[in-house]
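Quick caveat: nothing in here was measured; it's all calculated off a predicted structure.
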Amino acid sequence: YSVSVAQKDKNNPFCQSPPITLNVNALVLGSITGTANACLNGTHNYSVPAIAGEYYNWSITPSNAGSIVAGAGTNSVSIQWNILGAATVSVSVCSQTASLNVTVATPTISISAPASVCAGTPYNISVTPATYISYQWQHQNGNTYSGQTITPTIGGCFSVTVTNSNGCTAASSVCVA
């Protein structure tokens, strides 16, 4: 829309200036970009396109689902996610609001290993599902392995930490006699 302004003299001869027209463009708040599948206790970044001179009011629903740890009032925030489940991150500028639904989760893993083995005989220990980007194993004696499936030749306890594509981690362990 536009606004026209003219000045009129209060005294005789009551002259009026030519009008000045100002075009006013509507504020357009873009979509929120950021991680829709977040890690429990992970910190993820969310942003909208910058609008010069505006204050950005960010909120999280439910309010205990996460905490804004950096960037409050700006077009980009960092949120640490505190509880598992569904949440919504929203930002308001003037009368415009944008929202993004977020699922907060932790990876789940299952380890498959024999109950017992013969010393010196190779055997397999594996983690499912096979969808993680990193599998880091460690034997109780300090030996390390990587990969979804490992083939040790000694018994003992093995711990594994997996990482998914969002940087979320999960850990588990198994002992083989």
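Between I150 and P152 the shortest side-chain heavy-atom distance falls below 4.5 Å. Between T43 and Q80 the shortest side-chain heavy-atom distance falls below 4.5 Å. Side-chain contact between I109 and Y132: present, with at least one pair of heavy atoms (C-beta onward) separated by less than 4.5 Å. Taking 4.5 Å as the limit, every side-chain heavy atom of T128 sits out of range of all side-chain heavy atoms of S112.
For the atom pair CG (L40) and OG1 (T169), the distance works out to 10.0 Å, reported to the nearest 0.5 Å. Atom CG of N166 is separated from atom OG1 of T35 by 6.0 Å, given to the nearest 0.5 angstrom. Separation of atoms CD1 (I133) and OG1 (T163) is listed at 6.0 Å; rounding is to 0.5 Å. Atoms CH2 and OG1, on W137 and T149 in that order, are 8.0 Å from each other to the nearest 0.5 Å. Rounding to the nearest 0.5 Å gives a distance of 7.0 Å between OG1 of T144 and CD of Q138.
Counting only residues at least two apart or on different chains, the disulfide (SG to SG under 2.5 Å) pairs with a member in residues 21-72 are C39-C168. Listed by first and then second residue, the disulfide (SG to SG under 2.5 Å) pairs that reach into residues 133-167 are C157-C175, sequence neighbours excluded. Sequence neighbours left out, not one pair with a member in residues 121-154 passes disulfide (SG to SG under 2.5 Å).
Using a 30° and 60° split on the angle between ring planes, F158 and Y145 fall in the tilted class, from 30° to 60°.
In terms of heavy-atom proximity, V89 sits nearest to W81 at CB-CH2, 4.5 Å. When all heavy atoms of Y135 and V162 are compared, the pair lying nearest together is CD2-CG1, 3.5 Å.
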Would you give me the side-chain donor-acceptor pairs under 3.5 Å for residues 93-102, sequence neighbours excluded?
from : atom 1 : to  : atom 2 : distance (Å)
Q96  : NE2    : L27 : O      : 2.9
T97  : OG1    : S92 : OG     : 2.9
S99  : OG     : S90 : OG     : 2.8
N101 : OD1    : T88 : OG1    : 3.1

Donor-acceptor contacts under 3.5 Å from residues 61-77 side chains, at least two apart:
from : atom 1 : to  : atom 2 : distance (Å)
S67  : OG     : N82 : ND2    : 3.0
T74  : OG1    : G71 : O      : 2.6
T74  : OG1    : S76 : N      : 3.3
T74  : OG1    : S76 : O      : 2.8
N75  : ND2    : V48 : O      : 2.7

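Legend: residues meeting side chain to side chain donor-acceptor pair (under 3.5 Å) with S78, ordered by chain and number and at least two apart, are N45.
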